[in-house]
Peer 1: 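Pasting in a structure now, in structure tokens, and then I'll have a few things to ask.
None of the values given here were measured: they were computed from a predicted structure. Residue numbers count from 1 along this sequence.
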Amino acid sequence: MKEMIFLNPVFTHNIWGGNRLKELFHYPIEGNDIGECWGIAAHPNGDCTIREGSFAGKKLSELWKDEPQLFGNIEKDRFPLLIKIIDAKEDLSIQVHPDDAYAKINEEGSLGKTECWYIIDCSKKASLIIGHQAKDKAELKEMISSGNWKELIREIPVKKGDFIQIDPGTVHAIKGGIMVLETQQNSDITYRVYDYDRLTDGKPRELHIEKSMDVITVPAKPVEELVLDTRNLEKNTLSLLYSCEYYQVFELNLDKTILFEQIYPFFNISVLEGEGVLNGKKIKKGDHFILPSGFGKVEVQGKLKAICSTIGDSSNFL
């Protein structure tokens, strides 16, 4: 039987980070400004190492290059996804991401960034910034140029368990007190539109106004097309949350034993709550691992919640 590929996460220090990644997930990290846990990542800015087994100590990017059969021999020049937990103690900057075509030309061949969030935890009156109110490009430019953020930005209430899809061109920001599991393309390209005039080492962080105005979608998509309430999903099954050309994302909310087949080129799993056993191997909150191609039958038992993902375009293998 093929091995599960467990990963050692990579952590980042951020101006808006906190200490809940250490407190809630018991990760062995120092500092009270830990903003991100890159749980499944093969990017130059964060490349996870394999925790144990035949490939222990290898980077995920190396495994992708040297052992393509583990990932279904799919023809991509890099591991296509990046899975991270974000802990926002303070508000993140208001930002936007480019699509593949714009990033390829303007960001030295990088992928664009389509992403989605699953809200792990938040306060009762939590809100996020998703989208904007400008009706056309001229109004968008005028509102950004004049700093009319209050009128421009669309803020919406959210709750634990909400799922939010963020296409390239969507203005967005995580607010303080919210923790999310993010599934995204393997890219680290972010254009900051506004950063609340904060200083780092006495200087404001760089903004990317021109590029932001190039890529922001006008008008913004309606909120109801972007936010999904997951509270009434069926338990003890892989519930599909979202599918697009880049990824499929599933929720697994488990309180008994279930069986399923690993039919995908690879299958990412991040355990967010509880613990259990998968094919005889103990898994627990904070674990990030990959079931490789050809893994076959999967038996999971226990009481846990996990977010799972694989590449998009399901017609190839369903």
Side-chain angles (χ1 to χ4, degrees), residues 7 9-41 46 81-95 115-130 155-166 170 172-184 196 223 226-235 238-239 241-242 247 249-255 268-276 283-289 302-309:
L7 298 152
V10 175
F11 300 93
T12 68
H13 296 265
N14 303 84
I15 188 174
W16 40 262
N19 56 15
R20 286 194 301 169
L21 285 167
K22 183 166 49 180
E23 289 177 355
L24 295 184
F25 290 93
H26 307 296
Y27 290 129
I29 44 176
E30 295 301 320
N32 294 316
D33 62 346
I34 307 299
E36 297 185 349
C37 162
W38 292 29
I40 302 176
L81 300 179
L82 200 166
I83 315 302
K84 60 173 79 161
I85 299 174
I86 300 174
D87 171 30
K89 185 177 180 182
E90 307 290 340
D91 296 352
L92 271 68
S93 62
I94 296 171
Q95 53 193 243
E115 68 185 31
C116 58
W117 299 335
Y118 178 91
I119 298 183
I120 299 170
D121 194 27
C122 64
S123 64
K124 283 188 176 177
K125 294 188 176 178
S127 63
L128 290 172
I129 290 167
I130 302 289
E155 194 167 334
I156 64 165
V158 290
K159 57 193 174 302
K160 183 176 175 176
D162 279 352
F163 175 88
I164 296 108
Q165 170 64 17
I166 299 166
T170 303
H172 62 278
I174 300 172
K175 305 274 283 178
I178 293 178
M179 180 180 276
V180 305
L181 185 285
E182 179 172 286
T183 304
Q184 59 161 91
Y196 310 100
V223 169
L226 304 174
V227 181
L228 171 71
D229 183 343
T230 69
R231 288 177 302 174
N232 296 317
L233 291 177
E234 190 178 348
K235 274 190 162 188
L238 281 176
S239 295
L241 296 175
Y242 194 81
Y247 48 68
V249 180
F250 305 83
E251 182 193 70
L252 177 59
N253 190 358
L254 184 75
D255 61 11
N268 302 320
I269 300 180
S270 295
V271 184
L272 303 182
E273 295 177 16
E275 60 183 31
I283 58 174
K284 67 182 189 311
K285 179 178 180 174
D287 281 344
H288 303 268
F289 57 95
K303 186 172 176 59
L304 60 86
K305 184 175 283 188
I307 296 296
C308 315
S309 60

Peer 1: Are Leu228 and Tyr242 side-chain neighbours, meaning at least one heavy-atom pair lies under 4.5 Å?
Peer 2: no

Peer 1: What residues, two or more places apart in sequence or in another chain, satisfy ring-ring contact (aromatic ring centres under 6.0 Å, His included) together with Phe11?
Peer 2: Tyr27

Peer 1: Between Tyr247 and Glu115 (side chain of the first, backbone of the second, donor and acceptor by atom type, cut-off under 3.5 Å), is there such a pair?
Peer 2: yes

Peer 1: Would you give the length of the straight line joining atom CD1 of Ile166 to atom CD1 of Ile164, rounded to the nearest 0.5 angstrom?
Peer 2: 7.0 Å

Peer 1: Could I get the full list of salt bridge (Lys or Arg N to Asp or Glu O under 4.0 Å) partners for Glu251, not counting sequence neighbours?
Peer 2: none

Peer 1: For His288, is there any backbone N or O sitting under 3.5 Å from a side-chain donor or acceptor partner on Ser270?
Peer 2: no

Peer 1: In the structure I gave you, are the side-chain heavy atoms of Ile120 and Val180 within less than 4.5 Å of one another anywhere?
Peer 2: no

Peer 1: Determine, stepwise, if the pair Lys159 / Lys124 fulfils side-chain contact (heavy atoms from CB on, under 4.5 Å).
Peer 2: CA-CA 7 Å; Lys159 57 193 174 302; Lys124 283 188 176 177; over 6 Å; no

Peer 1: Which pair of heavy atoms, one from Ile174 and one from Ala88, lies closest together, and at what distance?
Peer 2: CG2-CB, 3.8 Å

Peer 1: List the atom of Ala306, the atom of Val271, and the distance in Å for their closest heavy-atom pair.
Peer 2: CB-CA, 4.1 Å

Peer 1: Please examine the side chains of Ile129 and Ile156, heavy atoms only from C-beta on, and report whether any two atoms are closer than 4.5 Å.
Peer 2: no

Peer 1: Could you measure the distance from the CD atom of Glu90 to the CG atom of Leu92? Nearest 0.5 Å is fine.
Peer 2: 10.0 Å

Peer 1: Passes side-chain contact (heavy atoms from CB on, under 4.5 Å), Leu233 versus Leu241? Steps please.
Peer 2: CA-CA 9 Å; Leu233 291 177; Leu241 296 175; 3.4 Å; yes

Peer 1: Mind checking the OG-CD1 spacing from Ser123 to Ile178? Nearest 0.5 Å is all I need.
Peer 2: 7.0 Å

Peer 1: Can you run down the salt bridge (charged side-chain N to carboxylate O under 4.0 Å, His left out) pairs that involve residues 16-35, sequence neighbours left out, and say none if there aren't any?
Peer 2: Arg20-Asp87, Arg20-Asp121

Peer 1: Compare every heavy atom of Gly46 with every heavy atom of Val10, then report the nearest pair and how far apart it is.
Peer 2: CG1-CA, 4.2 Å

Peer 1: Could you tell me if the side chain of Tyr118 sits less than 4.5 Å from the side chain of Thr230, heavy atoms only?
Peer 2: yes

Peer 1: side-chain contact (heavy atoms from CB on, under 4.5 Å), that's the test. Do Ile283 and Leu304 meet it? Break it down for me.
Peer 2: CA-CA 9 Å; Ile283 58 174; Leu304 60 86; 3.8 Å; yes

Peer 1: Does any part of the side chain of Cys116, heavy atoms only, come nearer than 4.5 Å to the side chain of Phe163, both counted from C-beta?
Peer 2: yes

Peer 1: For atom NZ of Lys303, decide whether the heavy atoms of other residues, nucleotides or ligands shown that lie under 6.0 angstrom number more than 12.
Peer 2: no

Peer 1: Quick one: do Asp162 and Arg231 make a salt bridge, cutoff under 4.0 Å?
Peer 2: no

Peer 1: Do Lys284 and Phe25 make a side-chain contact, defined as non-hydrogen atoms from C-beta onward lying under 4.5 Å apart?
Peer 2: no

Peer 1: Salt bridge or not for Lys160 and Glu273, using N-O below 4.0 Å?
Peer 2: yes

Peer 1: Do Phe289 and Leu7 have side chains that get closer than 4.5 Å, going by heavy atoms?
Peer 2: no

Peer 1: Minimum heavy-atom separation for Glu36 to Asn14, with atom names?
Peer 2: N-OD1, 3.7 Å

Peer 1: What's the spacing between Leu238 CG and Cys308 SG if we round to 0.5 Å?
Peer 2: 5.5 Å

Peer 1: Given side-chain hydrogen bond (donor to acceptor under 3.5 Å, both in side chains), test Glu155 with Ser127 step by step and report yes or no.
Peer 2: CA-CA 6 Å; Glu155 194 167 334; Ser127 63; 2.6 Å; yes

Peer 1: Counting only heavy atoms not in Lys89, do more than 12 sit closer than 6.0 Å to its NZ atom?
Peer 2: no

Peer 1: Can you tell me how far apart CD1 (Ile29) and SG (Cys37) are? Round to the nearest 0.5 Å.
Peer 2: 7.5 Å

Peer 1: Pair Leu181, Thr183 - check side-chain contact (heavy atoms from CB on, under 4.5 Å), show working.
Peer 2: CA-CA 7 Å; Leu181 185 285; Thr183 304; 3.8 Å; yes

Peer 1: For residues Cys122 and Ile119, report the shortest heavy-atom separation together with the two atoms involved.
Peer 2: SG-CG2, 4.0 Å

Peer 1: Does the ring center of Trp117 lie less than 6.0 Å from the ring center of His172?
Peer 2: yes

Peer 1: Within a strict 4.5 Å, meaning less than it, do heavy atoms of the Val249 and Ile307 side chains meet?
Peer 2: yes

Peer 1: Looking at Val223, Val158, Thr170, which one forms a side chain to side chain contact (heavy atoms under 4.5 Å, CB included) with Ile130?
Peer 2: Thr170

